[in-house]
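Scroll down for the structure; my scribbles are underneath it.
Whatever order the structure lists them in is the order used to number ligands and atoms, beginning at 1.
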Amino acid sequence: MYKTLLTQLENGIFTITVNRPDKMNALNKDVIEEMGQALEEVYSNEAIKSAIITGAGEKAFVAGADISEFSALGKEGGSGLAQKGADLVFNKIENCPKPVVAAVNGFSLGGGCELAMACHFRVAADNAKFGQPEVNLGLIPGYGGTQRLTRLVGKGKAMELMMTGDMIDAAEAKTLGLVNHVVPQAELLAKAGAILTKIQSKSPLAVSHIIALVNSAANCSPDGFRDEIERFGASFESEDMKEGTSAFLEKRKPAFKGK
Ligand code: COA
């Protein structure tokens with residue numbers, strides 16, 4: 001169905017695999033457009049409860065935007081590329097009401113690191129490597145990296161990583177808070193799947209409120225506290241809240257419906 005992606009839906013988890021392993025899964029125009037379509041599926045298909053984004057093969061998650069497409073671009077083309085990526089993919093992942101996790105299976109560089117950072121959180125294989133090497137090309141991150149890396153690891157480390165273009169390994173990424181878990185590569189998808197299966201047993205409505213509010217905190221929205229109060233109140237009108245509280249009092253497991 002897709003030229004550059006593999007997709008699979010199992011137990012409510014939609015796994016989207018960028019599939020250009022001979023090019024280190026670099027993000028060309030086709031990948032961005034098809035990823036946009038796959039994300040539309042995540043938003044609209046009720047059978048999809050959560051998503052994993054990963055890369056094909058054992059070497060790379062995504063080694064960046066496809067550098068071979070850069071030579072044709074000027075000022076307008078460059079900003080157009082970045083804007084299109086934000087609209088079709090990066091902001092769409094961040095704002096997805098269903099959890100989206102990056103399973104980082106190797107090089108996660110430039111646009112690849114930015115793709116992982118747009119996800120709600122990251123699980124890494126022990127061979128994963130992260131970096132924003134655009135400075136080596138006379139460029140800067142364009143898919144949100146200057147903003148999201150700073151929010152995730154803090155100003156000093158973000159400055160150093162982006163100004164040197166250095167790569168860090170999975171263990172350092174975990175120390176910095178860039179990834180939540182580091183596991184052997186063979187266990188990567190199972191680990192991401194286990195976390196998502198746990199989240200899928202919770203109220204999908206509550207989970208979607210959490211995503212929106214944590215995003216608003218991370219994006220320094222001045223309305224975060226007010227929005228939390230509103231969404232907290234709205235939760236009291238949901239069937240999920242009645243089910244969750246009744247189940248607790250009746251000493252049984254809740255069966256949430258996302259209503
Ligand atoms: N864009 C386009 N092609 C890329 C790419 C990218 N971002 N990253 C890797 N490739 C291609 C290589 O050109 C090569 O293609 P070829 O076989 O047709 O020559 C193929 O993927 C394999 O990469 P190679 O460099 O030979 O593998 P390696 O194991 O020696 O090195 C990396 C792996 C990831 C360290 C190296 O490919 C790299 O530095 N990539 C660019 C990272 C980058 O600067 N990203 C930011 C882009 S803005």
[atom1]/[X]: more than 12 non-hydrogen atoms of other groups inside 6.0 Å:
X	atom1	answer
Lys257	NZ	no
Glu58	CD	no
Phe232	CZ	no
Glu237	CD	no

side-chain hydrogen bond (donor to acceptor under 3.5 Å, both in side chains) partner of Asn219, chosen from Glu94, Gln147, Arg148: Glu94
Nearest protein heavy atom with distance in Å, relative to [atom]:
atom	result
atom 39 (O) of ligand 1	Leu109 CD1, 4.6 Å
atom 8 (N) of ligand 1	Ala63 CB, 3.7 Å
atom 33 (C) of ligand 1	Phe107 CE1, 3.8 Å
atom 31 (O) of ligand 1	Met24 CE, 4.6 Å
atom 2 (C) of ligand 1	Asp66 OD1, 3.3 Å
atom 4 (C) of ligand 1	Lys23 O, 4.0 Å
atom 1 (N) of ligand 1	Ile67 N, 2.9 Å
atom 5 (C) of ligand 1	Ala26 CB, 4.1 Å

Close approach, Lys59 and ligand 1, non-hydrogen under 4.0 angstrom: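 Contact check Lys59 vs ligand 1: positive.
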Asp22 to ligand 1, any heavy atom closer than 4.0 Å: yes
N or O contact, Met167 vs ligand 1, cut-off under 3.5 Å: no
N/O separation below 3.5 Å, Phe70 to ligand 1: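 No.
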Protein contact for [atom] (heavy atom, distance under 4.0 Å):
atom	value
atom 13 (O) of ligand 1	no
atom 36 (C) of ligand 1	no
atom 20 (C) of ligand 1	yes

Glu40 and Asn45: CA distance, side-chain angles, deciding distance, side-chain hydrogen bond (donor to acceptor under 3.5 Å, both in side chains) verdict: CA-CA 8 Å; Glu40 287 292 332; Asn45 182 345; over 6 Å; no
Where Ala56 and Asn19 come nearest, the two heavy atoms and their spacing: CB-OD1, 3.3 Å
Nearest-0.5 Å distance, CD of residue Glu172 to CG of residue Leu161: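 If we round to the nearest 0.5 Å, Glu172:CD and Leu161:CG are 7.0 Å apart.
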Rounded distance [0.5 Å steps], CG in Leu152 versus CE in Met117: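 The CG atom of Leu152 sits 6.5 Å away from the CE atom of Met117.
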Working for side-chain hydrogen bond (donor to acceptor under 3.5 Å, both in side chains), residues Gln8 and Thr15: CA-CA 5 Å; Gln8 188 194 8; Thr15 303; 5.0 Å; no
Heavy-atom proximity to atom 44 (O) of ligand 1, best of Gly111, Pro133, Ala60: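 Considering heavy atoms of Gly111, Pro133, Ala60, the nearest to atom 44 (O) of ligand 1 sits in Pro133.
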